[in-house]
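The structure under discussion appears below in the form of structure tokens.
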Amino acid sequence: MADNGLSVRVISEEEHLSFLATRRSASFLQTPAWGKVKSEWRRESLGWHRAGSGAGTQGELVGVALVLYRQLPKVKRYLAYLPEGPVIDWGTEDLVSWLAPLTRHLQQQGAFGVRMGPPVVTRRWSAAQVKDGIADDAVRRLDDLAPTERDATGARVVSQLDELGWRRQIAEGGFAAGQPQYVFQIPLSDPSTGEPRTEDDVLKGMNQLWRRNIKKAAKQGVEVTSSRGSAALDDLKAFHDLYVHTAERDHFTPRPLSYFQTMVEALGTESPDRITLWFARHEGDLVASTIAIRVGAHAWYSYGASSTEKRDVRGSNAVQWAMIADALAAGADVYDLRGITDTLDPDDSHVGLIQFKVGTGGEAVEYAGEWDLPLNRPLYKAFELYMARRSGGGRR
């Protein structure tokens, strides 16, 4: 299956991982290990090869993808899902040469439709803009603010996908485990020079409340520790107990302990630095706990939990600062606090989360979002109807 010298075929997990190791940034949702976490989906590692590039008859490996296949009820046909992927050259002006061999392969595998989330940024807003927007009665959404940056690559990707017949997905779907289009990130390196920022510089970028809370936690004697590998598996029950407590308080449905055990084992086995558990304790009491993930130079805050008691010792700020400092020490370019909604309405229940993240002094980032391509229109229509009737489901 070739287009302009590009072909797509199944590759080994080792080949997949070796390619990711050459990239500065790729989503953890595109690692082979993530396919093991999503055990209810069939998984496949794919590679793009360019013919005649001097790597033998196979050609040079120039792109990879983790594909998750979810079966449509009662029919042996699948939705092919590439969360925050694929990992290809999104800067190309000839996107069809990458996507055409992909969709042909997926169709041969029984896919009735494809869903992917191009990992390209379209717009950014500064923390100061977001803060001012929340205070402005005339502003209700990020869209109401002029961005600090419009990304030319992101705009070109969106334009090409439109022309190629892909459909932008506005609503999240539990069936396809939709990923957030808006996230909040702290740059850990200077975007113009690539030079790493210092801890002092990152701290100065935070608002006064965040800096004060970090200092208060240290003064109150909050101790932050971390664990990886087998130690993380041993410590996971403590995180999960606090996470269930948080779910009850904040009214969301917690994932079972077994999900996190699979996640820690799969990601931790793939790379020793991939996943880390963090714990903030005050006088022996666990007051906050988090899970951090890193692939290359991209670090994520993935899950968090906090106790209702002792909130005044600011364990959540302490553990976040420890994770940021660890990402800096690892040479990461970005610390990603994951999803936010695009609301800036102070009366919206989601705005509190944005305000917490805005205090870190980072930036709100819009990605291209998720896009669908129907390969079998009748089955895809049936899938849409199925999704419309189905409720529930969660991210990641």
Side-chain angles (χ1 to χ4, degrees), residues 84 117-159 162 168-172 178-192 197 200-216 246 249-252 300-301 304 306 311-312 314 316-317 320-321 323-324 333-370 395:
E84 296 184 1
V120 293
V121 171
T122 49
R123 296 183 292 178
R124 300 176 190 269
W125 296 265
S126 70
Q129 274 187 299
V130 177
K131 180 185 174 184
D132 291 345
I134 294 170
D136 188 339
D137 290 340
V139 173
R140 286 291 176 267
R141 316 201 83 76
L142 281 170
D143 253 345
D144 297 333
L145 298 172
T148 53
E149 179 189 326
R150 294 181 187 273
D151 192 284
T153 298
R156 188 165 57 244
V157 167
V158 168
S159 176
D162 272 329
R168 189 198 294 264
Q169 298 303 298
I170 304 301
E172 293 178 10
Q179 302 305 316
Q181 183 172 358
Y182 297 90
V183 300
F184 204 86
Q185 299 177 344
I186 305 172
L188 300 182
S189 61
D190 187 304
S192 56
R197 297 174 68 192
D200 283 347
D201 186 41
V202 174
L203 267 175
K204 285 175 186 173
M206 295 182 175
N207 68 14
Q208 189 177 10
L209 181 61
W210 258 86
R211 292 196 301 270
R212 189 165 63 235
N213 285 345
I214 290 169
K215 285 180 182 175
K216 183 175 183 180
T246 305
R249 182 190 68 221
D250 296 346
H251 310 292
F252 65 87
W300 291 266
Y301 159 47
S306 63
R311 300 188 86 162
D312 60 320
R314 306 303 178 189
S316 291
N317 297 93
Q320 286 290 342
W321 176 239
M323 288 196 295
I324 293 166
D333 293 329
V334 62
Y335 180 78
D336 195 325
L337 289 114
R338 291 294 284 174
I340 56 172
T341 62
D342 65 343
T343 183
L344 299 180
D345 183 346
D347 295 326
D348 191 299
S349 61
H350 295 103
V351 83
L353 180 63
I354 297 173
Q355 287 173 313
F356 176 78
K357 295 180 179 182
V358 163
T360 64
E363 56 189 8
V365 178
E366 178 193 56
Y367 280 87
E370 295 199 323
R395 286 196 184 125

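- The one candidate from I340, D342, D348 that meets the side-chain contact (heavy atoms from CB on, under 4.5 Å) condition with I354 is I340.
- A heavy-atom distance below 4.5 Å is found between the side chains of I186 and L337.
- If you take CE on M206 and CD on Q320, they are separated by 8.5 Å, rounding to the nearest 0.5 Å.
- Atom CG of D250 sits about 11.0 Å away from atom OG of S349, to the nearest 0.5 Å.
- Closest non-hydrogen pair, E370 versus Q179, comes out as OE2-N, 3.4 Å.
- The closest donor-acceptor contact from the side chain of R338 to the backbone of P180 lies at 3.5 Å or more, if one exists at all.
- For the pair E149 and W125, the minimum side-chain heavy-atom distance is 4.5 Å or more.
- Using a 4.5 Å cut-off on side-chain heavy atoms (C-beta onward), Q355 and V351 make contact.
- Across every non-hydrogen atom of Q129 and T148, the tightest pair is OE1-CG2, 2.8 Å.
- When every heavy atom of P346 is checked against every heavy atom of R140, the shortest pair comes out as CD-NH1, 4.3 Å.
- In this structure, F356 has its ring center under 6.0 Å from that of W210.
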Would you mind writing out the side-chain donor-acceptor pairs for residues 358-367 within the sub-3.5 Å range, not counting sequence neighbours?
residue : atom : partner : partner atom : Å
T360    : OG1  : K357    : O            : 2.6
E363    : OE2  : R124    : NH1          : 2.7
E366    : OE1  : T122    : OG1          : 2.6
E366    : OE1  : R123    : NE           : 2.8
E366    : OE2  : R123    : NH2          : 3.0
E366    : OE2  : Y182    : OH           : 3.0
Y367    : OH   : Q185    : NE2          : 3.0

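- Smallest separation of non-hydrogen atoms from W321 and L203: CH2-CG, 3.5 Å.
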Working note: L344 + D144, criterion side chain to side chain contact (heavy atoms under 4.5 Å, CB included); need CA distance, chi angles, decisive distance, verdict.
CA-CA 9 Å; L344 299 180; D144 297 333; over 6 Å; no

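- Between atom OG of residue S306 and atom CZ of residue R249 there is a gap of 4.0 Å, rounded to the nearest 0.5 Å.
- D132 is linked by a salt bridge (charged side-chain N to carboxylate O under 4.0 Å, His left out) to nothing, counting only residues two or more places apart in sequence or in another chain.
- Between G154 and D151, the shortest heavy-atom distance links the atoms N-OD1, 3.0 Å.
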What verdict does the side chain to side chain donor-acceptor pair (under 3.5 Å) test give for T343 and D345, after you've listed the backbone C-alpha separation in whole Å, the side-chain angles of each residue and the deciding distance to 0.1 Å?
CA-CA 6 Å; T343 183; D345 183 346; 5.3 Å; no

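- Only one option out of L209, N317, I324 pairs with I214 in a side-chain contact (heavy atoms from CB on, under 4.5 Å); it is N317.
- Closest heavy-atom contact between V157 and P118: CG1-CB, 4.2 Å.
- Of the possible donor and acceptor atoms, one in the side chain of R197 sits under 3.5 Å from a partner among the backbone N and O of P187.
- Around NZ of K131, the count of heavy atoms belonging to other residues, nucleotides or ligands within 6.0 Å does not exceed 12.
- The distance from atom CG of N213 to atom CZ of R314, rounded to the nearest 0.5 Å, is 4.5 Å.
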